[in-house]
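Notes for the one structure printed next.
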2 protein chains.
Amino acid sequence: MSNDDKSTDYQSYLKETSFRKEDFYRQAFIEDCKSTRIKKEKVAIKNLEKIFEATFRICTRKGFQGMTMRDLSMESGLSMGALYSYFATKEELLNTLERVGNYQIGILLNESVAKVKDPLDKLRVYIRTHLYISEMLQPWFFFSYMEAKNLARREREKYIQAELNTEKAIVDALNEGEKKGLVRNRDHQLAASVIKAMIQDWYLKRGKYAKRGTTVEEYAANIIEWIESYYLQTV
Amino acid sequence: MSNDDKSTDYQSYLKETSFRKEDFYRQAFIEDCKSTRIKKEKVAIKNLEKIFEATFRICTRKGFQGMTMRDLSMESGLSMGALYSYFATKEELLNTLERVGNYQIGILLNESVAKVKDPLDKLRVYIRTHLYISEMLQPWFFFSYMEAKNLARREREKYIQAELNTEKAIVDALNEGEKKGLVRNRDHQLAASVIKAMIQDWYLKRGKYAKRGTTVEEYAANIIEWIESYYLQTV
DNA sequence: AGATAAATCGAGCATATGCTCTATTTATCT
DNA sequence: AGATAAATAGAGCATATGCTCGATTTATCT
């Protein structure tokens, strides 16, 4: 297996990445809560963390529609009044969560492959990074996937577009690889779908893999092995 | 590609299978509505069809928790009173849907591989049949996956068990194949997870594949090609 | 046709839920 | 410390929602 990309492990990625969890809440504050009665960023970040984490915990069990604002109040430790000084409506909370996540993740994915030139290495790095990011923000990824259908048309379309961008990144790498004679001629679009399904399974079935002791690095290596078998096989 | 299993296409499968959609509703009537005020099977089947189909339509957009009984009444064309003569509670409807589906699909999957002896062929047939069944009952598969979290503990565990059975069937075939020297030595458990993820993507992203004009047969052939690349490659 | 059984209807009940609004508490500044 | 701004609490309001029940319609039988 020509695994000569200097493959970073998860812990190293966490140290190297520019992302801090705080950024997530700060972004939400700047974009959505600036217009509310909350003035101080520090307070906002502290409480948005409580709200988001509580939302993820509750929705994993009941889904967003099944979560009541009273549930959220209990779980986050904030009163109804406090919650509504951060979000005008329940739907607004959903929108913010989806939007901020998509934005942040877009940045992270782009910064990861920016320096890589070789299309095959680019693909490897992209997959590994995608898995690392989804590991870092697993609750968000799960939530985002499961609740996308509850978004209003506009926001839902953005979600779908983000999904398609992921596929496109993979297809592009494969096309470039084929042009350079590095990979076999295959249906790259279909392959990209399948590869994305593999990536998604990691954060959709996080519990199962945890129980089996599978690590992200192992999972990433495995996906890459599948791809190499499919694409590098001598004809 | 040693594709010498006499691969059935989807239309042929539909003709050959013992399954009729009616069975689905009849099963629900026998197991869950016998104790209700509804006496006549024919009436029950007609209305259960309306109820189930309406549930699928609504829940694709809003999810089960987001669906109100008034929504369901509107969409199914039955009154509130009529609905409640079929199911004691909303939750009961959910349980019935999950249970009956799992039961029926279990039967179909077993009957499909019963005659196949060669482990590799068994795997091919299993995957193809699984995809054909999920194509035939796509709304159920999607619903079942998305709403499993809303089930009570007991029922949810049954759902997870059914998922694991699918994986086990794949692992068993691979183990047997390895023992007979037909496939390479790999992490079969992890491979089975990945294969299942591929299968699930078909019914979770049905819309996307429809838009692209991908057929079930193509999709099945593609998955099998991935597996053969991964497992049959000369070392 | 008349009588009985089966199925359906939908207004109404009790509670749950999204959201508001003022009183109160907490932090910040001079 | 006192005054002001910022943040929070939680009871209360209007509506939505799960479910019931007697009245009514439809099917079946003699």
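Throughout, a chain's letter reflects where its sequence line sits, starting with A, and its residues are numbered from 1.
Chain B approaches DNA chain D over the interval D:dT17 to D:dT28, counting the first and last nucleotide 5' to 3' with an atom under 4.0 Å from its heavy atoms.
At least one donor-acceptor pair under 3.5 Å links the side chain of A:Thr36 to the backbone N or O of A:Ser85. At least one donor-acceptor pair closer than 3.5 Å links the side chain of B:Asp23 to the backbone N or O of B:Arg20. Checking side-chain atoms of B:Thr17 against main-chain N and O of B:Tyr13 turns up no donor-acceptor pair under 3.5 Å.
Following rounding to the nearest Å, A:Leu93 (CG) and C:dC19 (C1') show an atom-to-atom distance of 14 Å. At whole-Å resolution of the value, NZ in B:Lys42 and P in C:dA6 are 17 Å apart.
Among A:Lys168, A:Lys158, A:Lys196, the one residue that satisfies the side chain to side chain donor-acceptor pair (under 3.5 Å) test with A:Glu163 is A:Lys196.
In the region residues 52-75 of chain A, proximity to DNA chain D at under 4.0 angstrom, judged on heavy atoms, holds for A:Arg70.
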Pairing string, 5' to 3', for DNA chain D - Watson-Crick or wobble contacts under 3.5 Å, brackets [ ] where pairs cross, | to another strand: ||||||||||||||||||||||||||||||

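Residue-to-nucleotide proximity on DNA chain D shows that, of A:Lys46 and B:Lys40, the 5′-proximal contact is made by A:Lys46.
For the pair A:Thr215 and A:Tyr10, the minimum side-chain heavy-atom distance is 4.5 Å or more. Under the 4.5 Å side-chain criterion, counting only non-hydrogen atoms from C-beta, A:Met198 is in contact with B:Met198.
Checking C:dA11, C:dT8, C:dA7 against every side-chain atom of B:Met80, the shortest atom distance belongs to C:dA11. The side chain of B:Ile38 has C:dA7 as its nearest neighbour among C:dT22, C:dC19, C:dA7.
Using modelled atom types and a 3.5 Å distance limit, the side chains of B:Gln138 and B:Trp202 yield no donor-acceptor pair.
Between A:Arg206 and A:Glu135, at least one side-chain N (NZ, or NE/NH1/NH2) sits under 4.0 Å from a carboxylate O, which counts as a salt bridge.
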Full working for salt bridge (Lys or Arg N to Asp or Glu O under 4.0 Å) between A:Lys205 and B:Glu167: CA-CA 13 Å; A:Lys205 310 275 173 62; B:Glu167 264 189 45; over 6 Å; no

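Taking CE of A:Met136 as the reference point, atom CZ of A:Phe19 lies at 5.0 Å (rounded to 0.5 Å).
Put simply, B:Tyr84 has no side-chain N or O that comes within less than 4.0 Å of OP1 or OP2 on C:dG10.
Ring centers of B:Phe142 and B:Tyr203: at least 6.0 Å apart, outside the cut-off.
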